[in-house]
A.B. asks: 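I am attaching a structure below and will ask some questions about it afterwards.
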Amino acid sequence: MKLQDLLKNIQPVEIAGDVETEVTGVNIDSRKIKDSHLFVAMKGTQVDGHKFIPKAIELGAKSILCEDMPEEKVEGVTYVKVESTEDAVGKVATLFYGDPSKKLKLVGVTGTNGKTTIATLLYNMFRKFGHKCGLLSTVCNYIEDEAIPADHTTPDPIELNLLLSKMVEAGCEYAFMECSSHAIAQKRIGGLTFTGGIFTNLTRDHLDYHKTFENYRNAKKAFFDGLPKSAFAITNADDKNGMIMVQNTKATIKTYSTRSMADFKARILECHFGGMYLDVDGREVGVQFIGKFNVSNLLAVYGTAIMLGKKPEDVLVVLSTLHSVNGRLEPIQSPEGYTAIVDYAHTPDALENVLNAIHEVLNGKGEVITVCGAGGNRDKGKRPLMAQEAVKQSDKVIITSDNPRFEEPQDIINDMLAGLNEQQMKKVISIVDRKEAIRTACMMAKKGDVILVAGKGHEDYQEIKGVKHHFDDKEVIRGIFGINKK
């Protein structure tokens with residue numbers, strides 16, 4: 001492909017060299033450059049990609065997309081200066097890979113909590129309908145049955161378009177993807193064409209990156225602002241930001257709610273640890289999920305399937321067969337008669353939702369023991385809030401290590417404990433070693449109790465000082481229970 005063909009959707013500020021040069025690949029990582037590749041120099045939060053232009057050329061790059069034109073230029077290399085490489089890279093990658101999102105029905109899911117569940121359930125549902133599908137999620141990316149490990153909630157624009165192009169090659173009709181606030185703010189989804197968008201909810205998260213809640217909210221809103229008129233936007237009417245998300249969208253707006261009038265409505269008829277019976281738009285259905293927040297998630301899935309042309313009764317039949325996502329409210333029964341539940345809840349709101357769901361089922365007939373921590377090098381402001389939420393709805397709380405990253409685990413625990421008063425501290429102990437914390441919770445539990453192990457969910461590692469060590473909450477719990485199954 002010629003370089004000039006890749007520049008159709010951007011406005012270069014300056015070009016030095018021949019735009020007829022051939023481009024055989026596009027990369028933002030100079031280490032991946034091969035002969036005749038286009039290297040995009042990104043000004044990242046940690047490293048400025050402009051420093052690696054010489055290395056990229058040394059490895060074979062024949063064209064450079066940059067914000068700062070180098071003073072010394074290499075003969076035979078074309079330099080294209082743009083105002084923002086962050087804004088341009090998605091548009092360039094889309095064209096290089098043949099605009100794959102236009103050849104699929106691509107649905108994006110954004111919000112603080114529920115993205116993984118909704119995207120994964122849609123992927124599973126449409127496969128059960130007999131369609132070939134792709135999935136881009138926090139847990140794992142899939143092209144039909146082929147699993148591709150996920151390093152980020154939303155990949156960079158080049159990897160993203162590559163994955164979408166592979167989905168097209170595999171014959172996929174649909175693709176469902178999580179759209180994180182980072183990805184939207186960093187234009188990682190720039191250039192993609194969405195058939196629909198879903199908003200889940202908005203609570204405090206990622207303020208270490210966005211700085212203010214308004215910035216975080218506006219990043220999510222930008223996704224809906226960019227949807228075309230041909231798309232649909234499904235929003236959670238129960239969230240106070242639900243209608244703000246879609247106030248400037250050109251897409252067809254639909255709402256879902258568990259509390260008020262909406263296009264898609266549901267209420268719980270019966271609840272137990274095995275699942276719930278729901279009334280969805282006047283039809284009764286049994287599902288293998290628990291918790292009011294999961295009713296919202298299922299409504300988002302239900303509404304999206306209908307907007308994609310499926311009949312309500314057919315959607316409910318498939319919905320009744322779906323299981324919870326890996327590491328989301330996942331129960332493990334102990335031989336002694338108590339239940340351990342593993343969940344990814346790593347925000348105060350998510351922790352509140354999970355504990356509410358547990359209490360809905362327990363109905364006062366057992367105690368709740370919560371094991372939780374907070375991630376290192378992330379929003380410190382939510383640490384005391386996490387501890388407060390755990391104490392509010394638990395009989396006993398063990399504060400422990402999560403992914404400390406480059407912080408000291410005890411410092412993170414101290415930040416959490418700082419949010420508790422003397423009375424609240426009577427419920428709490430802290431154990432730095434996560435395995436020992438889980439073991440202690442199991443020793444405390446009696447028949448009929450529930451242990452919530454929160455924060456890591458599907459993750460099978462613990463990140464300490466830049467190294468990922470194998471650690472799986474479910475594996476630890478099953479080991480304690482004497483159950484070998486992973």
Side-chain angles (χ1 to χ4, degrees), residues 1-103 106 154-165 168 179 182-194 218-219 222-223 225-228 250:
M1 181 177 277
K2 302 290 185 187
L3 176 60
Q4 65 179 4
D5 295 327
L6 296 180
L7 305 179
K8 286 178 182 176
N9 295 336
I10 61 176
Q11 285 81 45
V13 175
E14 182 185 347
I15 298 175
D18 183 10
V19 293
E20 287 286 322
T21 190
E22 196 70 29
V23 175
T24 59
V26 180
N27 264 304
I28 58 174
D29 186 340
S30 62
R31 295 166 297 183
K32 295 179 180 178
I33 291 290
K34 294 181 180 177
D35 189 48
S36 296
H37 276 200
L38 165 65
F39 175 62
V40 184
M42 304 282 287
K43 288 188 175 180
T45 54
Q46 305 294 324
V47 180
D48 185 351
H50 288 74
K51 293 180 181 178
F52 302 104
I53 290 175
K55 181 66 176 177
I57 293 171
E58 185 185 315
L59 290 172
K62 294 294 187 295
S63 45
I64 306 293
L65 191 65
C66 57
E67 291 179 24
D68 302 325
M69 192 69 86
E71 290 182 14
E72 293 184 15
K73 299 177 182 64
V74 176
E75 191 176 345
V77 175
T78 303
Y79 300 82
V80 180
K81 180 181 177 180
V82 291
E83 285 189 6
S84 168
T85 48
E86 187 176 78
D87 185 55
V89 64
K91 297 170 184 175
V92 168
T94 296
L95 286 173
F96 182 80
Y97 286 105
D99 213 347
S101 62
K102 282 190 175 176
K103 300 168 185 174
L106 176 63
T154 311
D156 70 64
I158 295 164
E159 185 187 352
L160 185 51
N161 277 280
L162 173 61
L163 286 168
L164 290 170
S165 70
V168 172
C179 297
H182 290 72
I184 299 165
Q186 294 169 4
K187 311 288 178 67
R188 284 188 232 158
I189 58 173
L192 299 185
T193 301
F194 287 89
N218 291 340
F223 170 65
D225 291 349
L227 289 177
K250 296 185 283 292

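Keep in mind that the numbers below use all heavy atoms, side chains included, and drop hydrogens, waters and symmetry copies.
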A.B. asks: Considering residues at least two apart in sequence or located in another chain, which fulfil the side chain to side chain donor-acceptor pair (under 3.5 Å) criterion with N218?
C.D. replies: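 Once residues adjacent in sequence are excluded, N218 has no partner under the side chain to side chain donor-acceptor pair (under 3.5 Å) criterion.
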
A.B. asks: Within the 4.5 Å heavy-atom criterion, are L7 and V80 side-chain neighbours or not?
C.D. replies: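 Sidechains of V80 and L7: in contact.
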
A.B. asks: Do you know which two heavy atoms are closest between P54 and H50, and how far apart they sit?
C.D. replies: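 Looking at all heavy atoms of both residues, the closest pair is CD-O, 4.3 Å.
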
A.B. asks: Would you give the length of the straight line joining atom CD1 of I158 to atom CG of L163, rounded to the nearest 0.5 angstrom?
C.D. replies: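 If I round to the nearest 0.5 Å, the distance is 12.0 Å.
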
A.B. asks: Check side-chain contact (heavy atoms from CB on, under 4.5 Å) between S101 and all other residues, then give those that pass, not counting sequence neighbours.
C.D. replies: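 Residues passing side-chain contact (heavy atoms from CB on, under 4.5 Å) with S101: D99, L106, L164, L192, T193.
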
A.B. asks: For E83, what residues pass the salt bridge (Lys or Arg N to Asp or Glu O under 4.0 Å) criterion, not counting sequence neighbours?
C.D. replies: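 None.
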
A.B. asks: What distance separates L3 CG from S36 OG, expressed to the nearest 0.5 Å?
C.D. replies: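 Separation between the atoms: 11.0 Å.
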
A.B. asks: Run the side chain to side chain donor-acceptor pair (under 3.5 Å) test against T85 and tell me which residues pass, sequence neighbours left out.
C.D. replies: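 Applying side chain to side chain donor-acceptor pair (under 3.5 Å) to T85 gives E67.
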
A.B. asks: Side chains of S165 and V168, heavy atoms from C-beta outward: is any pair under 4.5 Å?
C.D. replies: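 No, too far: nothing below the 4.5 Å cut-off.
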
A.B. asks: Which atoms form the tightest heavy-atom contact between P100 and T94, and what is the distance?
C.D. replies: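 Heavy atoms of P100 and T94 come nearest at CD-O, 3.9 Å.
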
A.B. asks: Output every pair passing salt bridge (charged side-chain N to carboxylate O under 4.0 Å, His left out) with a member in residues 52-66, not counting sequence neighbours, ordered by first then second residue.
C.D. replies: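 Output for this query lists D35-K62, K55-E58.
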
A.B. asks: To the nearest 0.5 Å, what is the distance between CG on N161 and CG on D156?
C.D. replies: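 With rounding to 0.5 Å, CG (N161) is 9.5 Å from CG (D156).
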
A.B. asks: Residues two or more places apart in sequence or in another chain: which of them pass salt bridge (Lys or Arg N to Asp or Glu O under 4.0 Å) with K187?
C.D. replies: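 Counting only residues at least two positions away or on another chain, K187 forms a salt bridge (Lys or Arg N to Asp or Glu O under 4.0 Å) with D87.
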
A.B. asks: In Å and rounded to the nearest 0.5 Å, what is the CG to OH distance from L162 to Y97?
C.D. replies: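 OH of Y97 is found 4.5 Å from CG of L162.
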
A.B. asks: Of all residues at least two apart in sequence or in a different chain, which pass the ring pair (Phe, Tyr, Trp, His ring centres under 6.0 Å) check with F194?
C.D. replies: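 Result, ring pair (Phe, Tyr, Trp, His ring centres under 6.0 Å) vs F194: F223.
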
A.B. asks: Would you be so kind as to tabulate the donor-acceptor pairs closer than 3.5 Å made by side chains of residues 68-76, with sequence neighbours excluded?
C.D. replies:
| residue | atom | partner | partner atom | Å |
| --- | --- | --- | --- | --- |
| D68 | OD2 | K43 | NZ | 2.8 |
| K73 | NZ | P70 | O | 3.1 |

A.B. asks: Identify the heavy atoms of E22 and K2 that sit nearest to each other, and give their distance.
C.D. replies: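 Looking at all heavy atoms of both residues, the shortest contact is OE1-NZ, 3.4 Å.
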
A.B. asks: For F96, which residues count as a side-chain contact (heavy atoms from CB on, under 4.5 Å) partner, sequence neighbours excluded?
C.D. replies: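 side-chain contact (heavy atoms from CB on, under 4.5 Å) list for F96, sorted by chain: M1, L6, V23, V26.
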
A.B. asks: Show me the pairs that pass side-chain hydrogen bond (donor to acceptor under 3.5 Å, both in side chains) and involve residues 4-17, at least two apart or across chains.
C.D. replies: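 As it turns out, the side-chain hydrogen bond (donor to acceptor under 3.5 Å, both in side chains) pairs with a partner in residues 4-17, which skip direct neighbours, are Q4-E20.
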
A.B. asks: Stepwise, does the side chain to side chain contact (heavy atoms under 4.5 Å, CB included) test hold for V92 with V40?
C.D. replies: CA-CA 10 Å; V92 168; V40 184; 5.5 Å; no

A.B. asks: Taking side chain to side chain donor-acceptor pair (under 3.5 Å) as the definition, give me every residue that meets it alongside D225, ordered by chain and number, with sequence neighbours left out.
C.D. replies: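 Listed in chain order: K221.
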
A.B. asks: Working to the nearest 0.5 angstrom, can you tell me the gap between D48 CG and C66 SG?
C.D. replies: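 It is 10.5 Å, given to the nearest 0.5 Å.
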
A.B. asks: If you look at every heavy atom in F39 and S30, which pair is closest and at what distance?
C.D. replies: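 Closest heavy-atom pair between F39 and S30: CE1-N, 3.6 Å.
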
A.B. asks: What pair of heavy atoms forms the shortest contact from I28 to V89, and how long is it?
C.D. replies: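 Looking at all heavy atoms of both residues, the shortest contact is CG2-CG2, 3.9 Å.
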
A.B. asks: I want to check something: taking the side chain as every heavy atom from C-beta on, are F52 and I33 in contact at a cut-off of under 4.5 Å?
C.D. replies: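 F52 does not reach I33 side chain to side chain.
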
A.B. asks: So, using side chain to side chain donor-acceptor pair (under 3.5 Å) as the criterion, who are the partners of N27 when residues are at least two apart?
C.D. replies: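 For N27, the residues satisfying side chain to side chain donor-acceptor pair (under 3.5 Å) (neighbours in sequence not counted) are H37.
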
A.B. asks: Can you check whether V77 reaches I64 side chain to side chain, under 4.5 Å on heavy atoms?
C.D. replies: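 Sidechains of I64 and V77: in contact.
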
